[in-house]
Amino acid sequence: MTWLVQPSLINEPFSDPGLFVDFRFGRRALLFDLGDLTPLSPRQLLRVTHAFISHTHMDHFAGFDRLLRVCLHRTAPLHLIGPAEFADRVEHKLRAYTLNLLDENSVDFAIRVAEFSEGGFDRVCEFRAHKAFRRNEIPPARLSPGLLLDEEEFRVEGTVLDHGIPCLAFAFEEKLRVNVWRDGLRQLGLPVGPWLRDAKRAVRQGAPDHTEICVRDGVIISLGELKKHALRTSRGQKIAYVVDLIYSERNIEKVIALAGDADQLFIETPFLDEDSAIAAERKHLTARQAGHIAKRAGVRSLIAFHFSARYRDRTDELTREAQEAFRD
Ligand SMILES: [Zn+2]
């Protein structure tokens, strides 16, 4: 099974949290959080179309400068999605630079910033290089509740958690996996080719079986025939990213609703349960609490990260505590 995307943590678990979600095809990537991005190459950063930022504590946002630096002369826009007041934070970052060398002759790089709250997008601002990155308010898109991004092959959902301040958690979900069975294709006497993309799209959109798919000029096959012999569907991949939250029933319910059934849950485990009082005071989870949440959400695997520096020598204990609670 080839997944649509390959997620990987940007740093080791004691460094800044962040997830790089790389598409297997199509030279594209997404980012969850913008902490230290040093391990990512410029080539990887240039693939990023959307970055989803949980909140703007430094360990989650200090990498913005690097991303800007690498993308500044890119033609494709950069989309940033964050919590309430996020556009102001981005604007302050942009204001810190002298930008007199950007003019009509430079690439008009655009940054589009959307603020997400419980009800959807409250505010969208655009910052363009040709306008010296001055803020321009634009009307927010209306998506279904909880939806941050809706594309043909996947969607990204979000929820607002309580970390003393609003903090977003995210779930990436592939809509429907459509695999081509090559032997079946051969039996039908059909070649592999770009036409298969149309066929897959038709399946994902739930088109009726009598839909005609054009293989090439003069060669047409019904979608039903194709599905019977050469296409296999299965549920898509789901990845959830959850960091910085108070262990409260309200937060837990929101994480379960968002991350339920995920193939991979990346969840913070900053403290050991023996330090649960400190965890509560800092508005974070313990490893055991993270494991319990993962279990209740019915995820297939848990990836523990975002460790407090106090456990430098006890990495295994954090992971073990989370996995034990998860498997319990
Ligand atoms: Zn954090």
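Scope of the values below: all heavy atoms of this structure, side chains included, with no hydrogens, waters or symmetry mates. Just so you know, ligand 1 is whichever comes first in the structure, and atom 1 is the first atom listed for that ligand.
Each of Phe52, Phe305, Phe172 was scored for a ring-ring contact (aromatic ring centres under 6.0 Å, His included) with Tyr241, with one residue passing: Phe305.
At a cut-off of 2.8 Å, His306 is counted among the residues with an N, O or S atom near the Zn ion (ligand 1). Taking backbone and side-chain atoms together, His60 has an N/O/S atom less than 2.8 Å away from the Zn ion (ligand 1).
Applying the salt bridge (Lys or Arg N to Asp or Glu O under 4.0 Å) test to pairs two or more places apart or on separate chains, those with a residue in residues 44-71 are Asp22-Arg47, Asp65-Lys93.
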Review point. Do Leu161 and Leu168 pass the side-chain contact (heavy atoms from CB on, under 4.5 Å) test, and can you show the C-alpha distance, the side-chain angles, and the key distance before you say yes or no?
Key: CA-CA 6 Å; Leu161 300 177; Leu168 305 185; over 6 Å; no
Exercise for review: Could you please spell out the steps behind the side-chain contact (heavy atoms from CB on, under 4.5 Å) verdict for Arg24 and Val5?
Suggested key: CA-CA 6 Å; Arg24 288 196 187 268; Val5 296; over 6 Å; no
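For the pair OD2 of Asp59 and OD2 of Asp244, the angle at the Zn ion (ligand 1) is about 150°; rounding is to 10 degrees.
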